[in-house]
Amino acid sequence: GAGVSQSPSNKVTEKGKDVELRCDPISGHTALYWYRQRLGQGLEFLIYFQGNSAPDKSGLPSDRFSAERTGESVSTLTIQRTQQEDSAVYLCASSPRTGTSGNTIYFGEGSWLTVV
Amino acid sequence: GENVEQHPSTLSVQEGDSAVIKCTYSDSASNYFPWYKQELGKRPQLIIDIRSNVGEKKDQRIAVTLNKTAKHFSLHITETQPEDSAVYFCAASTGSNYQLIWGAGTKLIIKP
């Protein structure tokens with residue numbers, strides 16, 4: 001695709017339910033990031049995938065959060081037993097190279113999650 | 001680890017005037033400094049970046065300057081226009097660390 005694709009674009013869920021958010025990176029991009037952005041706030045790093053290396057999960061806020069990526073393609077972020085404080089935009093981003101700095105990262109439009 | 005501080009958190013300027021946003025970083029090994037613009041309800045998008053072997057870079061009305069000694073870099077927007085209203089994020093990363101460390105963002109308001 002032309003850009004990073006995320007789905008769903010909007011999700012309203014009841015407290016306690018599980019949600020899955022999907023990210024399809026730009027073709028050929030080996031690096032993939034998930035960020036959380038609460039309303040009016042900055043970018044909170046969650047997790048990073050780099051090719052076939054073990055992901056950097058240091059930003060995941062609790063064990064309710066997990067993410068998977070199959071090879072260098074689609075990634076899924078799962079939030080279990082959602083809480084109201086999980087309400088935010090979840091942004092996925094991808095980058096064309098691995099292991100080096102100085103690579104532009106491209107963001108998707110985000111998945112807007114509202115927990116009621 | 002790296003820490004990036006961004007100031008001011010909100011900046012209001014008259015249309016046509018210049019705007020300057022400044023970021024400081026802590027890791028002297030950082031060598032890549034991008035700036036992203038995020039319009040309301042939209043995704044962040046790269047507007048300009050600079051690497052540590054360069055002191056200044058310009059692209060039309062925007063420019064970024066880097067002072068490695070003082071460990072700060074700044075975004076300059078000249079002849080501001082209403083469409084410049086957005087939140088601007090700076091970031092820094094090192095050659096040994098793929099991670100971009102982000103500033104907290106600056107909300108730029110252009111007054112007509």
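These values consider heavy atoms only, across backbone and side chains, with no hydrogens, waters or symmetry-generated copies. Convention: sequence-line order gives letters A, B, ...; per-chain numbering from 1.
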Would you please go through residues 108-116 of chain A and name the residues with a non-hydrogen atom below 4.5 Å from one of chain B, in numerical order? A:Gly108, A:Glu109, A:Trp112
Looking at B:Gln14, I'd like to know if its CD atom is crowded, meaning that more than 12 non-hydrogen atoms belonging to other residues, nucleotides or ligands lie closer than 6.0 Å. yes
Given a strict heavy-atom distance threshold of 4.5 Å, which part of A:Val4 is in contact with chain B: side chain, backbone, both, or neither? backbone
So for atom CD, which belongs to A:Glu14, do other residues, nucleotides or ligands contribute more than 12 heavy atoms lying within a distance under 6.0 Å? no
Part of B:Tyr36 within contact of chain A (heavy atom distance under 4.5 Å): side chain
For A:Leu43, which atoms come within 4.5 Å of any heavy atom of chain B: side chain, backbone, both, or neither? both
Separation of B:Leu100 CG from A:Tyr33 OH (nearest 0.5 Å): 6.0 Å
So for B:Pro34, is it side chain, backbone, both, or neither that comes closer than 4.5 Å to the heavy atoms of chain A? neither
If you draw a 6.0 Å radius around CD in A:Gln83, do more than 12 non-hydrogen atoms from other residues or ligands fall strictly inside? yes
Heaviest contributor of heavy-atom pairs below 4.5 Å to chain A, chosen from B:Lys42, B:Gln38, B:Lys107, is B:Gln38
Should B:Val54 and B:Leu66 be counted in the same cluster of Ile, Leu, Val, Met, Phe, Trp and Tyr side chains packed under 4.5 Å apart? yes
Same cluster or not: A:Leu32 versus B:Ile101, using hydrophobic residues (I, L, V, M, F, W, Y) connected whenever any side-chain heavy atoms lie under 4.5 Å apart? no
In this structure, are over 12 heavy atoms from other groups packed under 6.0 Å from B:Gln60 atom CD? no
Determine the option with the most heavy-atom pairs under 4.5 angstrom with chain A, choosing from B:Pro44, B:Gly105, B:Ala104. B:Pro44
Restricting to non-hydrogen atoms, name the atom on A:Ile105 and the atom on B:Trp102 that form the minimum distance, rounded to 0.1 Å. CD1-CZ2, 3.8 Å
Between A:Phe107 and B:Arg43, the two heavy atoms sitting closest are O-NH1, 2.8 Å
Cluster link B:Ile50 to B:Ile62, ILVMFWY, side chain under 4.5 Å: yes
On a heavy-atom basis, the closest approach of A:Thr104 and B:Tyr32 is OG1-OH, 3.9 Å
Are A:Tyr90 and A:Leu60 connected into the same hydrophobic cluster when the rule is that any two of I, L, V, M, F, W, Y join if their side-chain heavy atoms are below 4.5 Å apart? yes
Measure A:Gln41 against the heavy atoms of chain B and call it side chain, backbone, both or neither at under 4.5 Å. backbone
Within one Ile-Leu-Val-Met-Phe-Trp-Tyr cluster: B:Phe89 and A:Leu91, side-chain cutoff 4.5 Å: yes
